[in-house]
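What follows is a set of notes on a single structure, which appears directly below.
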Amino acid sequence: AAKLQGKNRYVVFDAVRDRALRGHIASVEGMRQALGRHEMVLHYQPQVNLRTGEVVGLEALVRWQHPERGLLAPAEFLPAVHDHPLECSLGQWVLESVVAQRAAWHRQGVRLPISVNISARHLQQPGFIDDLQNLLGQYPDLNPADLVLEVLESSALEDLLGVSRIMADGERRGFCFALDDFGTGYSTLTYLKRLPVAKLKIDQSFVRNLLEDPDDLAILQGVIGLAQAFGREVVAEGVETEAHGSALLWLGCDVAQGYGIAHPMPAEAVAGWTREWRAPRAWWTKDAGPSG
Ligand code: C2E
Ligand code: MG
Ligand code: MG
Ligand code: MG
């Protein structure tokens with residue numbers, strides 16, 4: 001089944017590249033130019049602790065400020081460089097920008113860990129962890145724990161041994177890892193014991209219908225129970241309403257991220273947002289469960 005999935009994936013990416021060639025969406029060349037012209041930007045989405053309401057982190061999310069088409073989401077351009085060397089150049093730009101931004105925030109007193117999405121290809125570049133350590137070394141205020149490296153569950157599963165080695169090396173040097181889109185891998189979960197990830201990010205597809213769909217609720221209960229048994233922090237993505245937050249709190253989830261808390265925002269907006277943020281009353285009155 002994995003083979004078939006892999007094959008279909010290439011069919012999809014070929015189709016994307018084909019459309020790109022015909023000028024409908026991003027192409028490798030277009031993205032190379034965009035990087036050179038500084039058209040890539042990062043937005044940041046807050047993550048909050050459901051029990052205390054505290055802001056506990058920010059996820060960096062790349063956008064393309066396209067001169068004609070406006071602000072483009074990753075889905076419109078990342079597929080064009082999937083598993084292409086340019087994906088690593090983009091990833092390197094993202095890391096350098098995030099670290100510089102984190103250092104600037106440090107000086108302003110905003111001292112939150114930043115989550116960064118790392119592609120499988122980038123993570124598996126020889127010397128990835130060394131380079132990252134060197135990059136951080138240029139900023140005396142920063143240390144590895146200021147970054148959370150998010151790796152897709154699907155990427156980790158494609159090369160469990162290779163990825164677990166890089167993670168173990170990174171973890172030894174103080175970096176923190178999260179498994180992104182957790183639960184979408186349709187895998188047995190025994191691999192979790194091999195991956196030194198501190199955080200599991202539950203995919204938003206399970207959160208979306210949690211209040212209406214008993215199956216999604218059951219999956220969430222299972223995933224949160226499993227994460228707790230393994231001593232990993234659970235981050236829920238796609239928390240769109242206060243009711244989602246209350247239900248997730250009731251289920252034992254630690255951290256939430258979603259439009260119901262804040263949309264991803266430009267870096268300049270973050271300090272103001274963190275000052276203004278107040279958690280909804282329902283979250284700390286703890287009486288709300290998914291059934292009432
Ligand atoms: P992700 O890492 O799972 O990020 C969460 C995505 O969900 C983001 O989409 C975010 O804007 C969106 N989101 C947040 N809250 C909600 C909500 O309440 N409802 C809904 N419907 N969506 C919500 P975005 O920014 O379009 O990014 C999509 C994906 O692109 C990311 O998914 C990540 O896999 C990838 N990506 C983004 N930035 C980077 C990057 O710098 N490097 C790499 N390699 N991948 C990136
Ligand atoms: Mg992510
Ligand atoms: Mg995700
Ligand atoms: Mg995702």
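Computed from heavy atoms alone, side chains included, the values below leave out hydrogens, waters and symmetry copies. First listed ligand is number 1; within each ligand, the first listed atom is number 1.
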Hey, is [X] touching ligand 1 through its side chain, its backbone, both or neither, going by heavy atoms under 4.0 Å?
X	result
His43	neither
Leu42	neither
Gln45	side chain
Gln204	side chain
Asp181	side chain
Asp203	neither
Val94	side chain
Glu59	side chain

Can you give me the OD1-the Mg ion (ligand 2)-OE1 angle for Asn117 and Glu150, to 10°?
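Between OD1 of Asn117 and OE1 of Glu150, the angle at the Mg ion (ligand 2) is about 90°.
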If I apply the N/O under 3.5 Å rule, does Gln257 come out as touching ligand 1?
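Among all N and O atoms of Gln257, none is under 3.5 Å from an N or O of ligand 1.
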Looking only at distance, does Leu61 have an N or O less than 3.5 Å from an N or O of ligand 1?
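Among all N and O atoms of Leu61, none is under 3.5 Å from an N or O of ligand 1.
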Should we count CZ of Arg165 as having more than 12 external heavy atoms under 6.0 Å?
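Not buried by this count: 12 neighbours or fewer within 6.0 Å.
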Neighbour count >12 (heavy atoms, 6.0 Å) for atom CD, Gln108
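More than 12 within 6.0 Å, yes.
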Non-hydrogen atoms of Asp146 and Asp141 that approach each other most closely:
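In this case the closest contact between Asp146 and Asp141 is OD2-O, 4.2 Å.
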Looking only at heavy atoms, what is the nearest atom pair of Asn117 and Asp180, with distance?
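For Asn117 versus Asp180, the nearest heavy atoms are OD1-OD2, 2.9 Å.
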Minimum-distance atom from the Mg ion (ligand 2) among N, O or S atoms of Glu59:
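Sorting the N, O and S atoms of Glu59 by distance to the Mg ion (ligand 2) puts OE2 first.
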Do the charged groups of Arg51 and Asp254 touch, with an N to O distance under 4.0 Å?
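Yes, charged N to carboxylate O under 4.0 Å.
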Round to 10° and report the angle made at the Mg ion (ligand 3) by OE2 of Glu237 and OD1 of Asp180.
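OE2 of Glu237, the Mg ion (ligand 3) and OD1 of Asp180 span an angle of about 90°.
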List the steps, then state whether side chain to side chain donor-acceptor pair (under 3.5 Å) holds for Glu59 with Gln45.
CA-CA 5 Å; Glu59 180 174 9; Gln45 188 177 35; over 6 Å; no
Could you establish whether [X] and ligand 1 come within less than 4.0 Å of each other, counting only heavy atoms on the residue side?
X	value
Gly91	no
His263	no
Ala75	no

Using side chain to side chain donor-acceptor pair (under 3.5 Å), reason through Tyr191 and Glu153 one step at a time and then give a plain yes or no.
CA-CA 10 Å; Tyr191 72 87; Glu153 178 192 48; 2.5 Å; yes
Determine, stepwise, if the pair Glu87 / Arg121 fulfils salt bridge (Lys or Arg N to Asp or Glu O under 4.0 Å).
CA-CA 8 Å; Glu87 190 175 38; Arg121 189 186 173 99; 5.4 Å; no
Closest Asp181 atom to the Mg ion (ligand 3) [N, O or S only]:
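Per the distance ranking, Asp181 contributes OD1 as its closest N/O/S atom to the Mg ion (ligand 3).
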Assign the ring pair His66 / Trp64 to parallel, tilted or perpendicular, where the plane angle (0 to 90°) is split at 30° and 60°.
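The arrangement is tilted - the two ring planes meet at 30° to 60°.
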Provide the number and element of each atom of ligand 1 under 4.0 Å from a heavy atom of Gly258.
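Heavy-atom distances to Gly258 below 4.0 Å select 15 (N), 18 (O).
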Short check: any N/O/S atom of Asp203 below 2.8 Å from the Mg ion (ligand 3)?
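Looking at Asp203, which is the residue asked about, there is no N, O or S atom under 2.8 Å from the Mg ion (ligand 3).
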Before giving the answer on salt bridge (Lys or Arg N to Asp or Glu O under 4.0 Å), spell out for Glu150 and Lys201 the whole-Å C-alpha distance, their side-chain angles and the decisive distance to 0.1 Å.
CA-CA 9 Å; Glu150 295 196 358; Lys201 294 195 77 174; 2.8 Å; yes
Would you please name every residue forming a salt bridge (Lys or Arg N to Asp or Glu O under 4.0 Å) with Arg63, sequence neighbours left out?
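Arg63: no salt bridge (Lys or Arg N to Asp or Glu O under 4.0 Å) contacts found.
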Quick check: does any side chain N or O of Arg232 sit under 3.5 Å from a backbone N or O of Leu192, one acting as donor and the other as acceptor?
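Indeed, once roles are kept as given, a pair shorter than 3.5 Å links the two residues.
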